[in-house]
Protein chains: 2
Amino acid sequence: MKNLTKRQTEIFNYIKDEIESNGYPPTRSEISKTFGFKSPNAAEDHLKALKKKGVLDLAAGTSRGITLSNQSSGIPVIGLVSAGGPILAEENIEKTIPNNPGILSHGVDFYLKVKGDSMIDVGIFENDLIAINKNIPVKKGSIVVARINDEVTVKTLTKISDSQVILRPENSSYSDIEVNPKKDNLIFEGTCVGLLRDFS
Amino acid sequence: MKNLTKRQTEIFNYIKDEIESNGYPPTRSEISKTFGFKSPNAAEDHLKALKKKGVLDLAAGTSRGITLSNQSSGIPVIGLVSAGGPILAEENIEKTIPNNPGILSHGVDFYLKVKGDSMIDVGIFENDLIAINKNIPVKKGSIVVARINDEVTVKTLTKISDSQVILRPENSSYSDIEVNPKKDNLIFEGTCVGLLRDFS
DNA sequence: TTAAATACTGTATATAATTACAGTTATGAA
DNA sequence: TTCATAACTGTAATTATATACAGTATTTAA
(Lines give C-alpha, C1' and ligand atoms only; values in the text may rest on other atoms or scores of the structure.)
Protein backbone atom coordinates (compact mmCIF):
# COMPACT_ATOMS: atom_id res chain seq x y z
CA MET A 1 0.00 0.00 0.00
CA LYS A 2 1.27 3.36 -1.07
CA ASN A 3 2.15 5.17 2.19
CA LEU A 4 -1.33 5.55 3.52
CA THR A 5 -1.55 7.45 6.77
CA LYS A 6 -2.96 5.70 9.81
CA ARG A 7 -6.28 7.44 9.39
CA GLN A 8 -6.41 6.72 5.66
CA THR A 9 -5.74 3.05 6.35
CA GLU A 10 -8.66 3.02 8.79
CA ILE A 11 -10.96 4.59 6.23
CA PHE A 12 -9.74 2.29 3.49
CA ASN A 13 -10.24 -0.83 5.60
CA TYR A 14 -13.71 0.33 6.56
CA ILE A 15 -14.66 0.74 2.91
CA LYS A 16 -13.21 -2.67 2.08
CA ASP A 17 -15.14 -4.28 4.92
CA GLU A 18 -18.37 -2.59 3.94
CA ILE A 19 -18.09 -3.81 0.37
CA GLU A 20 -17.38 -7.29 1.62
CA SER A 21 -20.18 -7.46 4.13
CA ASN A 22 -22.87 -5.33 2.46
CA GLY A 23 -22.15 -6.01 -1.16
CA TYR A 24 -21.93 -2.31 -2.01
CA PRO A 25 -19.68 0.56 -0.99
CA PRO A 26 -20.62 3.17 1.65
CA THR A 27 -21.71 6.75 0.97
CA ARG A 28 -19.86 9.83 2.23
CA SER A 29 -22.31 10.23 5.06
CA GLU A 30 -22.10 6.60 6.09
CA ILE A 31 -18.32 6.98 6.31
CA SER A 32 -18.76 10.20 8.28
CA LYS A 33 -21.21 8.64 10.68
CA THR A 34 -18.91 5.68 11.33
CA PHE A 35 -15.89 7.86 12.08
CA GLY A 36 -17.82 10.61 13.82
CA PHE A 37 -17.20 13.28 11.18
CA LYS A 38 -19.59 16.18 11.44
CA SER A 39 -19.34 16.95 7.75
CA PRO A 40 -19.60 14.63 4.76
CA ASN A 41 -16.81 16.66 3.26
CA ALA A 42 -14.35 15.02 5.65
CA ALA A 43 -15.16 11.72 3.96
CA GLU A 44 -14.96 13.37 0.56
CA ASP A 45 -11.47 14.64 1.33
CA HIS A 46 -10.37 11.20 2.45
CA LEU A 47 -11.77 9.59 -0.68
CA LYS A 48 -9.90 12.08 -2.83
CA ALA A 49 -6.69 11.37 -0.94
CA LEU A 50 -7.17 7.62 -1.29
CA LYS A 51 -7.86 8.05 -4.98
CA LYS A 52 -4.75 10.17 -5.37
CA LYS A 53 -2.72 7.42 -3.72
CA GLY A 54 -4.14 4.92 -6.17
CA VAL A 55 -5.87 2.53 -3.81
CA LEU A 56 -9.36 3.26 -4.98
CA ASP A 57 -11.30 4.72 -7.87
CA LEU A 58 -14.26 7.08 -7.78
CA ALA A 59 -17.04 7.25 -10.36
CA ALA A 60 -18.10 10.89 -10.65
CA GLY A 61 -21.75 11.68 -10.03
CA THR A 62 -22.45 8.12 -9.02
CA SER A 63 -23.86 7.18 -5.65
CA ARG A 64 -21.63 4.68 -3.87
CA GLY A 65 -19.31 4.84 -6.88
CA ILE A 66 -16.28 3.67 -4.95
CA THR A 67 -14.20 0.76 -6.21
CA LEU A 68 -11.01 -0.73 -4.89
CA SER A 69 -8.22 -0.46 -7.41
CA ASN A 70 -6.71 -3.65 -8.79
CA GLN A 71 -3.60 -2.92 -6.84
CA SER A 72 -5.44 -2.93 -3.56
CA SER A 73 -8.14 -5.53 -4.08
CA GLY A 74 -6.16 -8.53 -5.25
CA ILE A 75 -4.14 -11.02 -3.27
CA PRO A 76 -0.56 -11.40 -4.49
CA VAL A 77 0.70 -14.68 -5.87
CA ILE A 78 4.35 -15.17 -5.04
CA GLY A 79 6.40 -17.23 -7.46
CA LEU A 80 10.10 -17.43 -6.84
CA VAL A 81 11.37 -15.43 -3.91
CA SER A 82 14.44 -13.39 -4.67
CA ALA A 83 17.13 -13.37 -2.04
CA GLY A 84 17.47 -10.53 0.40
CA GLY A 85 14.19 -8.67 0.41
CA PRO A 86 10.84 -9.28 1.99
CA ILE A 87 8.66 -12.03 0.57
CA LEU A 88 5.96 -9.58 -0.53
CA ALA A 89 8.41 -7.34 -2.40
CA GLU A 90 7.12 -6.11 -5.73
CA GLU A 91 9.53 -8.22 -7.76
CA ASN A 92 8.24 -11.45 -6.22
CA ILE A 93 4.61 -10.83 -7.13
CA GLU A 94 3.79 -12.90 -10.16
CA LYS A 95 0.20 -11.71 -10.39
CA THR A 96 -2.71 -10.97 -8.12
CA ILE A 97 -5.96 -12.86 -7.88
CA PRO A 98 -9.25 -11.64 -6.49
CA ASN A 99 -9.89 -11.90 -2.83
CA ASN A 100 -12.24 -14.73 -1.95
CA PRO A 101 -13.68 -14.11 1.49
CA GLY A 102 -15.70 -16.94 2.90
CA ILE A 103 -14.06 -19.77 1.03
CA LEU A 104 -11.28 -20.48 3.48
CA SER A 105 -11.70 -20.33 7.24
CA HIS A 106 -8.68 -18.07 7.70
CA GLY A 107 -7.62 -14.86 6.00
CA VAL A 108 -5.11 -15.06 3.19
CA ASP A 109 -2.21 -12.60 2.98
CA PHE A 110 -0.67 -14.11 -0.11
CA TYR A 111 -0.51 -17.22 -2.23
CA LEU A 112 2.75 -19.08 -2.79
CA LYS A 113 3.25 -21.10 -5.92
CA VAL A 114 4.69 -24.45 -4.91
CA LYS A 115 8.01 -25.61 -6.36
CA GLY A 116 9.17 -29.21 -6.18
CA ASP A 117 7.64 -32.37 -4.79
CA SER A 118 8.67 -32.27 -1.16
CA MET A 119 5.07 -32.16 0.10
CA ILE A 120 3.31 -34.61 -2.19
CA ASP A 121 2.41 -37.01 0.61
CA VAL A 122 0.00 -34.40 1.95
CA GLY A 123 -1.32 -33.63 -1.50
CA ILE A 124 0.63 -30.46 -2.18
CA PHE A 125 1.94 -30.63 -5.73
CA GLU A 126 4.17 -28.50 -7.91
CA ASN A 127 2.42 -25.32 -9.13
CA ASP A 128 -0.34 -25.56 -6.56
CA LEU A 129 -1.08 -22.27 -4.89
CA ILE A 130 -0.95 -22.48 -1.15
CA ALA A 131 -2.78 -19.80 0.80
CA ILE A 132 -0.64 -18.22 3.51
CA ASN A 133 -1.65 -16.28 6.58
CA LYS A 134 1.18 -14.23 8.06
CA ASN A 135 -0.31 -13.64 11.48
CA ILE A 136 -1.36 -17.01 12.82
CA PRO A 137 1.37 -18.07 15.28
CA VAL A 138 3.22 -21.05 13.83
CA LYS A 139 2.78 -24.23 15.81
CA LYS A 140 3.75 -27.88 15.83
CA GLY A 141 1.97 -29.79 13.12
CA SER A 142 1.27 -26.80 10.91
CA ILE A 143 2.48 -26.51 7.37
CA VAL A 144 4.62 -23.39 7.39
CA VAL A 145 6.52 -21.17 5.01
CA ALA A 146 9.99 -20.80 6.50
CA ARG A 147 13.00 -18.84 5.38
CA ILE A 148 16.29 -20.41 6.38
CA ASN A 149 19.30 -18.24 5.62
CA ASP A 150 17.30 -16.51 2.91
CA GLU A 151 16.00 -19.65 1.27
CA VAL A 152 12.23 -20.05 1.30
CA THR A 153 10.71 -23.47 1.85
CA VAL A 154 7.36 -25.07 2.67
CA LYS A 155 7.42 -27.85 5.26
CA THR A 156 5.56 -29.31 8.21
CA LEU A 157 6.79 -27.93 11.50
CA THR A 158 7.33 -30.96 13.74
CA LYS A 159 9.43 -29.51 16.55
CA ILE A 160 9.94 -26.01 17.80
CA SER A 161 12.14 -24.99 20.73
CA ASP A 162 14.73 -22.31 21.43
CA SER A 163 17.60 -24.47 20.29
CA GLN A 164 16.05 -26.74 17.69
CA VAL A 165 13.45 -26.50 14.98
CA ILE A 166 12.58 -29.49 12.81
CA LEU A 167 10.96 -29.03 9.42
CA ARG A 168 9.64 -32.18 7.80
CA PRO A 169 9.21 -32.69 4.07
CA GLU A 170 6.11 -34.78 3.41
CA ASN A 171 7.83 -37.10 0.95
CA SER A 172 9.61 -40.25 2.04
CA SER A 173 12.51 -39.54 -0.33
CA TYR A 174 13.52 -36.47 1.69
CA SER A 175 14.94 -36.12 5.18
CA ASP A 176 13.96 -33.81 8.01
CA ILE A 177 15.63 -30.41 8.13
CA GLU A 178 17.07 -29.47 11.50
CA VAL A 179 17.64 -25.84 12.18
CA ASN A 180 19.28 -24.16 15.16
CA PRO A 181 17.58 -20.79 15.42
CA LYS A 182 20.52 -19.46 17.43
CA LYS A 183 22.98 -20.11 14.63
CA ASP A 184 20.86 -20.03 11.51
CA ASN A 185 18.71 -17.18 10.38
CA LEU A 186 15.21 -18.64 10.61
CA ILE A 187 12.10 -16.63 9.81
CA PHE A 188 8.57 -17.96 9.63
CA GLU A 189 6.81 -16.20 6.81
CA GLY A 190 3.42 -17.68 7.60
CA THR A 191 1.15 -20.66 8.01
CA CYS A 192 -0.54 -22.53 5.20
CA VAL A 193 -4.31 -22.17 5.57
CA GLY A 194 -5.46 -23.53 2.26
CA LEU A 195 -4.70 -24.84 -1.17
CA LEU A 196 -5.87 -23.89 -4.63
CA ARG A 197 -5.29 -25.88 -7.77
CA ASP A 198 -6.40 -24.82 -11.22
CA PHE A 199 -6.94 -27.51 -13.86
CA SER A 200 -6.71 -25.50 -17.02
CA MET B 1 -33.34 -20.64 -8.99
CA LYS B 2 -36.94 -20.32 -7.91
CA ASN B 3 -38.92 -20.29 -11.18
CA LEU B 4 -37.72 -16.98 -12.51
CA THR B 5 -39.35 -15.93 -15.75
CA LYS B 6 -37.16 -15.39 -18.79
CA ARG B 7 -37.26 -11.66 -18.33
CA GLN B 8 -36.55 -11.88 -14.62
CA THR B 9 -33.56 -14.10 -15.33
CA GLU B 10 -32.23 -11.48 -17.75
CA ILE B 11 -32.61 -8.73 -15.16
CA PHE B 12 -31.10 -10.88 -12.45
CA ASN B 13 -28.09 -11.80 -14.56
CA TYR B 14 -27.57 -8.17 -15.50
CA ILE B 15 -27.51 -7.17 -11.83
CA LYS B 16 -25.12 -10.00 -11.04
CA ASP B 17 -22.81 -8.97 -13.88
CA GLU B 18 -22.89 -5.33 -12.87
CA ILE B 19 -21.92 -6.16 -9.31
CA GLU B 20 -19.11 -8.33 -10.58
CA SER B 21 -17.71 -5.88 -13.09
CA ASN B 22 -18.44 -2.53 -11.39
CA GLY B 23 -18.13 -3.52 -7.78
CA TYR B 24 -21.53 -2.08 -6.92
CA PRO B 25 -25.13 -2.79 -7.91
CA PRO B 26 -27.05 -0.76 -10.51
CA THR B 27 -29.76 1.82 -9.82
CA ARG B 28 -33.35 1.53 -11.06
CA SER B 29 -32.63 3.91 -13.89
CA GLU B 30 -29.47 2.12 -14.95
CA ILE B 31 -31.49 -1.09 -15.17
CA SER B 32 -34.20 0.75 -17.12
CA LYS B 33 -31.69 2.28 -19.51
CA THR B 34 -30.09 -1.10 -20.19
CA PHE B 35 -33.38 -2.80 -20.96
CA GLY B 36 -35.00 0.14 -22.67
CA PHE B 37 -37.66 0.75 -20.04
CA LYS B 38 -39.18 4.18 -20.27
CA SER B 39 -39.99 4.25 -16.58
CA PRO B 40 -37.78 3.45 -13.59
CA ASN B 41 -40.82 1.84 -12.10
CA ALA B 42 -40.46 -1.08 -14.50
CA ALA B 43 -37.14 -1.83 -12.83
CA GLU B 44 -38.70 -1.30 -9.42
CA ASP B 45 -41.38 -3.85 -10.22
CA HIS B 46 -38.78 -6.36 -11.35
CA LEU B 47 -36.73 -5.85 -8.22
CA LYS B 48 -39.78 -6.45 -6.09
CA ALA B 49 -40.58 -9.62 -7.99
CA LEU B 50 -37.00 -10.84 -7.66
CA LYS B 51 -37.06 -10.08 -3.96
CA LYS B 52 -40.34 -11.93 -3.57
CA LYS B 53 -38.79 -14.95 -5.24
CA GLY B 54 -35.94 -14.80 -2.79
CA VAL B 55 -33.02 -14.30 -5.17
CA LEU B 56 -32.12 -10.84 -3.97
CA ASP B 57 -32.54 -8.49 -1.06
CA LEU B 58 -33.35 -4.79 -1.10
CA ALA B 59 -32.27 -2.26 1.49
CA ALA B 60 -35.04 0.31 1.83
CA GLY B 61 -34.14 3.93 1.21
CA THR B 62 -30.64 2.97 0.20
CA SER B 63 -29.18 3.85 -3.17
CA ARG B 64 -27.94 0.76 -4.97
CA GLY B 65 -29.10 -1.26 -2.00
CA ILE B 66 -29.43 -4.48 -3.94
CA THR B 67 -27.74 -7.65 -2.71
CA LEU B 68 -27.86 -11.16 -4.07
CA SER B 69 -29.32 -13.53 -1.55
CA ASN B 70 -27.15 -16.34 -0.21
CA GLN B 71 -29.25 -18.77 -2.15
CA SER B 72 -28.45 -17.14 -5.44
CA SER B 73 -24.90 -15.95 -4.94
CA GLY B 74 -23.27 -19.04 -3.53
CA ILE B 75 -21.97 -22.11 -5.28
CA PRO B 76 -23.35 -25.35 -3.88
CA VAL B 77 -21.10 -27.85 -2.17
CA ILE B 78 -22.29 -31.39 -2.78
CA GLY B 79 -21.52 -33.93 -0.09
CA LEU B 80 -23.01 -37.35 -0.48
CA VAL B 81 -25.21 -37.84 -3.50
CA SER B 82 -28.46 -39.59 -2.76
CA ALA B 83 -29.56 -42.19 -5.25
CA GLY B 84 -32.10 -41.40 -7.90
CA GLY B 85 -32.28 -37.65 -8.26
CA PRO B 86 -30.12 -35.05 -9.95
CA ILE B 87 -26.76 -34.26 -8.39
CA LEU B 88 -27.77 -30.66 -7.64
CA ALA B 89 -30.96 -31.64 -5.85
CA GLU B 90 -31.63 -29.69 -2.69
CA GLU B 91 -30.97 -32.62 -0.38
CA ASN B 92 -27.44 -33.06 -1.71
CA ILE B 93 -26.38 -29.47 -1.04
CA GLU B 94 -24.32 -29.46 2.12
CA LYS B 95 -23.73 -25.70 2.08
CA THR B 96 -22.91 -22.97 -0.39
CA ILE B 97 -19.73 -20.98 -0.64
CA PRO B 98 -19.24 -17.59 -2.30
CA ASN B 99 -18.56 -17.42 -5.97
CA ASN B 100 -14.94 -16.64 -6.76
CA PRO B 101 -14.69 -15.36 -10.30
CA GLY B 102 -11.17 -14.97 -11.56
CA ILE B 103 -9.50 -17.56 -9.39
CA LEU B 104 -10.02 -20.58 -11.62
CA SER B 105 -9.75 -20.47 -15.39
CA HIS B 106 -13.11 -22.18 -15.87
CA GLY B 107 -16.51 -21.52 -14.41
CA VAL B 108 -17.63 -23.61 -11.46
CA ASP B 109 -21.14 -25.05 -11.31
CA PHE B 110 -20.68 -26.85 -8.02
CA TYR B 111 -18.10 -28.23 -5.64
CA LEU B 112 -17.98 -31.90 -4.75
CA LYS B 113 -16.58 -33.02 -1.42
CA VAL B 114 -14.21 -35.89 -2.08
CA LYS B 115 -14.77 -39.22 -0.36
CA GLY B 116 -12.09 -41.90 -0.17
CA ASP B 117 -8.53 -42.08 -1.35
CA SER B 118 -8.90 -43.27 -4.92
CA MET B 119 -7.27 -40.14 -6.38
CA ILE B 120 -4.42 -39.49 -3.96
CA ASP B 121 -1.73 -40.01 -6.59
CA VAL B 122 -2.86 -36.81 -8.29
CA GLY B 123 -3.15 -34.98 -4.99
CA ILE B 124 -6.89 -35.22 -4.49
CA PHE B 125 -7.51 -36.17 -0.88
CA GLU B 126 -10.53 -37.01 1.21
CA ASN B 127 -12.61 -33.91 2.08
CA ASP B 128 -11.00 -31.76 -0.60
CA LEU B 129 -13.52 -29.77 -2.58
CA ILE B 130 -13.18 -30.30 -6.28
CA ALA B 131 -14.61 -27.62 -8.55
CA ILE B 132 -16.86 -29.03 -11.27
CA ASN B 133 -17.94 -27.53 -14.56
CA LYS B 134 -20.99 -29.24 -16.03
CA ASN B 135 -20.66 -27.95 -19.58
CA ILE B 136 -17.11 -28.67 -20.68
CA PRO B 137 -17.30 -31.78 -22.88
CA VAL B 138 -15.56 -34.63 -21.09
CA LYS B 139 -12.43 -35.85 -22.81
CA LYS B 140 -9.63 -38.38 -22.45
CA GLY B 141 -7.26 -37.41 -19.68
CA SER B 142 -9.71 -35.24 -17.80
CA ILE B 143 -10.72 -35.90 -14.24
CA VAL B 144 -14.44 -36.40 -14.40
CA VAL B 145 -17.42 -36.87 -12.14
CA ALA B 146 -19.26 -39.91 -13.47
CA ARG B 147 -22.42 -41.60 -12.37
CA ILE B 148 -22.49 -45.33 -13.04
CA ASN B 149 -25.82 -46.97 -12.33
CA ASP B 150 -26.60 -44.17 -9.89
CA GLU B 151 -23.30 -44.29 -8.05
CA VAL B 152 -21.23 -41.11 -8.25
CA THR B 153 -17.46 -41.34 -8.57
CA VAL B 154 -14.47 -39.17 -9.43
CA LYS B 155 -11.90 -40.71 -11.76
CA THR B 156 -9.58 -39.98 -14.66
CA LEU B 157 -11.20 -40.72 -17.99
CA THR B 158 -8.62 -42.77 -19.92
CA LYS B 159 -10.73 -44.21 -22.72
CA ILE B 160 -14.01 -43.20 -24.25
CA SER B 161 -15.76 -44.94 -27.12
CA ASP B 162 -19.29 -46.11 -27.91
CA SER B 163 -18.72 -49.53 -26.45
CA GLN B 164 -16.14 -48.94 -23.76
CA VAL B 165 -15.31 -46.28 -21.22
CA ILE B 166 -12.39 -46.67 -18.84
CA LEU B 167 -12.25 -44.74 -15.61
CA ARG B 168 -8.96 -44.86 -13.79
CA PRO B 169 -8.49 -44.38 -10.05
CA GLU B 170 -5.23 -42.53 -9.40
CA ASN B 171 -4.12 -44.90 -6.67
CA SER B 172 -2.08 -48.01 -7.39
CA SER B 173 -4.16 -50.03 -4.94
CA TYR B 174 -7.23 -49.72 -7.15
CA SER B 175 -8.01 -51.12 -10.58
CA ASP B 176 -9.46 -49.46 -13.64
CA ILE B 177 -13.21 -49.41 -13.95
CA GLU B 178 -14.52 -50.55 -17.31
CA VAL B 179 -17.97 -49.48 -18.30
CA ASN B 180 -20.04 -50.44 -21.29
CA PRO B 181 -22.26 -47.41 -21.92
CA LYS B 182 -24.66 -49.60 -23.89
CA LYS B 183 -25.34 -51.84 -20.92
CA ASP B 184 -24.62 -49.67 -17.94
CA ASN B 185 -26.24 -46.38 -17.18
CA LEU B 186 -23.34 -43.93 -17.48
CA ILE B 187 -23.76 -40.19 -17.00
CA PHE B 188 -20.97 -37.66 -16.91
CA GLU B 189 -21.87 -35.02 -14.34
CA GLY B 190 -18.97 -32.75 -15.17
CA THR B 191 -15.26 -32.13 -15.44
CA CYS B 192 -12.98 -31.23 -12.58
CA VAL B 193 -11.56 -27.76 -13.17
CA GLY B 194 -9.98 -27.03 -9.83
CA LEU B 195 -9.39 -28.02 -6.26
CA LEU B 196 -9.88 -26.26 -2.96
CA ARG B 197 -8.53 -27.40 0.37
CA ASP B 198 -9.14 -25.63 3.65
CA PHE B 199 -6.65 -26.15 6.47
CA SER B 200 -8.71 -25.18 9.46
C1' DT C 1 -63.64 -17.45 -16.42
C1' DT C 2 -61.66 -15.00 -13.26
C1' DA C 3 -58.18 -13.44 -10.36
C1' DA C 4 -53.36 -13.06 -9.93
C1' DA C 5 -49.04 -12.37 -11.85
C1' DT C 6 -46.14 -10.35 -15.48
C1' DA C 7 -44.43 -6.57 -17.84
C1' DC C 8 -44.53 -2.54 -18.59
C1' DT C 9 -45.73 3.48 -19.30
C1' DG C 10 -46.14 7.91 -17.06
C1' DT C 11 -45.93 11.15 -13.33
C1' DA C 12 -44.43 12.87 -9.14
C1' DT C 13 -41.96 13.60 -4.91
C1' DA C 14 -39.26 13.10 -0.87
C1' DT C 15 -34.87 12.14 0.29
C1' DA C 16 -30.29 10.19 -0.52
C1' DA C 17 -25.93 11.44 -2.17
C1' DT C 18 -22.26 13.90 -4.49
C1' DT C 19 -19.50 17.54 -4.38
C1' DA C 20 -18.11 22.41 -4.59
C1' DC C 21 -16.58 26.39 -1.75
C1' DA C 22 -14.88 28.65 2.38
C1' DG C 23 -12.71 27.95 6.52
C1' DT C 24 -9.64 26.07 10.85
C1' DT C 25 -5.82 23.66 13.05
C1' DA C 26 -1.81 20.85 13.18
C1' DT C 27 2.35 18.75 11.30
C1' DG C 28 6.30 17.90 8.70
C1' DA C 29 9.37 18.93 4.77
C1' DA C 30 11.97 22.46 1.80
C1' DT D 1 9.66 30.48 7.56
C1' DT D 2 6.71 29.09 4.40
C1' DC D 3 4.26 25.92 1.75
C1' DA D 4 2.08 21.40 1.12
C1' DT D 5 -0.43 17.79 3.24
C1' DA D 6 -3.51 16.00 6.52
C1' DA D 7 -7.67 16.10 8.93
C1' DC D 8 -11.20 18.00 9.72
C1' DT D 9 -16.13 21.75 10.44
C1' DG D 10 -19.98 24.04 8.21
C1' DT D 11 -23.02 25.30 4.51
C1' DA D 12 -25.29 24.73 0.37
C1' DA D 13 -26.80 23.37 -4.10
C1' DT D 14 -27.44 20.27 -7.78
C1' DT D 15 -28.45 15.89 -9.10
C1' DA D 16 -29.08 11.02 -8.32
C1' DT D 17 -32.17 7.67 -6.52
C1' DA D 18 -35.92 5.24 -4.39
C1' DT D 19 -40.41 4.55 -4.54
C1' DA D 20 -45.39 5.50 -4.29
C1' DC D 21 -49.63 5.87 -7.11
C1' DA D 22 -52.45 5.34 -11.21
C1' DG D 23 -52.82 3.10 -15.32
C1' DT D 24 -52.72 -0.57 -19.60
C1' DA D 25 -52.12 -5.03 -21.89
C1' DT D 26 -50.90 -9.80 -21.79
C1' DT D 27 -50.20 -14.21 -19.88
C1' DT D 28 -50.86 -17.85 -16.58
C1' DA D 29 -52.70 -20.65 -12.84
C1' DA D 30 -57.05 -21.89 -10.16
Side-chain angles (χ1 to χ4, degrees), chain A residues 1-19 21-69 71-72, chain B residues 1-19 21-69 71-72:
Chain A
M1 224 61 69
K2 217 172 182 174
N3 304 328
L4 297 194
T5 65
K6 196 185 158 193
R7 196 57 162 166
Q8 284 167 359
T9 306
E10 283 173 34
I11 309 272
F12 178 79
N13 286 334
Y14 165 70
I15 293 169
K16 204 169 176 175
D17 288 352
E18 281 296 294
I19 293 173
S21 58
N22 280 343
Y24 45 81
T27 64
R28 273 72 168 165
S29 33
E30 284 166 1
I31 297 172
S32 299
K33 204 178 167 189
T34 300
F35 288 92
F37 303 155
K38 295 190 179 154
S39 164
N41 191 54
E44 179 72 22
D45 282 354
H46 273 296
L47 290 176
K48 279 178 182 156
L50 290 169
K51 182 182 180 170
K52 204 173 172 187
K53 294 196 175 176
V55 297
L56 49 80
D57 293 313
L58 301 174
T62 306
S63 71
R64 303 179 189 274
I66 304 171
T67 46
L68 306 182
S69 67
Q71 181 204 141
S72 59
Chain B
M1 223 62 68
K2 216 172 182 174
N3 303 328
L4 297 194
T5 66
K6 196 185 157 192
R7 197 57 162 163
Q8 285 167 358
T9 306
E10 283 173 36
I11 309 270
F12 178 78
N13 287 334
Y14 164 70
I15 293 169
K16 203 169 179 175
D17 287 352
E18 281 295 294
I19 291 174
S21 58
N22 281 342
Y24 44 82
T27 63
R28 272 71 168 168
S29 31
E30 284 166 3
I31 297 171
S32 298
K33 203 177 168 188
T34 301
F35 289 92
F37 302 155
K38 294 187 180 157
S39 164
N41 190 53
E44 178 73 21
D45 282 355
H46 273 297
L47 290 177
K48 279 176 182 156
L50 290 169
K51 180 181 181 171
K52 204 171 171 190
K53 294 195 173 177
V55 297
L56 50 80
D57 293 312
L58 301 175
T62 306
S63 70
R64 302 179 189 274
I66 304 171
T67 46
L68 306 182
S69 67
Q71 179 204 145
S72 59

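All of these numbers come straight from a predicted model, not from anything done at the bench. Scope of the values below: all heavy atoms of this structure, side chains included, with no hydrogens, waters or symmetry mates. In what follows, chains are A, B, ... by sequence order, proteins preceding strands, each numbered from 1.
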request  = State whether A:Lys33 and A:Glu30 are salt-bridged, where the test is any N-O pair (Lys NZ or Arg NE/NH1/NH2 against Asp/Glu carboxylate O) under 4.0 Å.
outcome  =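 No, A:Lys33 and A:Glu30 are not salt-bridged.
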
key: Side chain of B:Arg64 (C-beta onward), nearest among C:dT6, C:dT11, D:dT17   =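 The listed nucleotide nearest to B:Arg64's side chain is D:dT17.
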
Proximity to the side chain of A:Gln8 - top-ranked nucleotide from C:dA12, C:dT18, D:dA7 =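 The nucleotide sitting nearest to the side chain is D:dA7.
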
Roughly, in whole Å, what's the span from [atom1] in [X] to [atom2] in [N]?
{"X": "B:Lys52", "N": "C:dA5", "atom1": "NZ", "atom2": "C1'", "answer": "8 Å"}
{"X": "A:Leu47", "N": "D:dC8", "atom1": "CG", "atom2": "P", "answer": "13 Å"}
{"X": "A:Ile11", "N": "D:dA7", "atom1": "CD1", "atom2": "P", "answer": "8 Å"}
{"X": "B:Asp45", "N": "D:dT26", "atom1": "CG", "atom2": "P", "answer": "18 Å"}
{"X": "B:Tyr24", "N": "C:dA16", "atom1": "OH", "atom2": "P", "answer": "21 Å"}
{"X": "B:Lys6", "N": "D:dT26", "atom1": "NZ", "atom2": "P", "answer": "18 Å"}
{"X": "A:Leu4", "N": "D:dT5", "atom1": "CG", "atom2": "C1'", "answer": "14 Å"}
{"X": "A:Lys38", "N": "C:dA22", "atom1": "NZ", "atom2": "P", "answer": "24 Å"}

Can a side chain N or O of [X] be found less than 4.0 Å away from OP1 or OP2 on [N]?
{"X": "A:His46", "N": "D:dA6", "value": "no"}
{"X": "B:Lys48", "N": "C:dC8", "value": "no"}
{"X": "B:Arg28", "N": "D:dT17", "value": "no"}
{"X": "B:Lys51", "N": "D:dT19", "value": "no"}

When we call it a touch if two heavy atoms are under 4.0 Å apart, what does [X] touch: a base, just sugar-phosphate, or nothing?
{"X": "A:Thr27", "result": "sugar-phosphate"}
{"X": "B:Thr62", "result": "sugar-phosphate"}
{"X": "B:Arg7", "result": "sugar-phosphate"}
{"X": "B:Ala60", "result": "sugar-phosphate"}
{"X": "A:Ser39", "result": "base"}

Quick check: do [X] and [Y] have side-chain heavy atoms less than 4.5 Å from each other?
{"X": "A:Leu50", "Y": "A:Ile66", "result": "no"}
{"X": "B:Phe37", "Y": "B:Arg28", "result": "no"}
{"X": "A:Ile11", "Y": "A:Leu4", "result": "no"}
{"X": "B:Phe12", "Y": "B:Leu68", "result": "yes"}

note = Taken to the nearest 0.5 Å, the spacing of A:Leu58 CG from A:Glu44 CD works out to 7.5 Å

task = Give a yes or no on whether a donor-acceptor pair under 3.5 Å exists between the nucleobase atoms of C:dT9, that is its base, and the side chain of B:Asn41.
result = yes

query = Which residue, B:Ser63 or B:Gly36, contacts DNA chain C at a nucleotide closer to its 5' end, judged by nearest heavy atom?
reply =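 Upstream on the strand: B:Gly36.
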
query = Taking the nucleotide of DNA chain C with the closest heavy atom to each, which residue, B:Ala42 or B:Gly61, is nearer the 5' end?
reply = B:Ala42

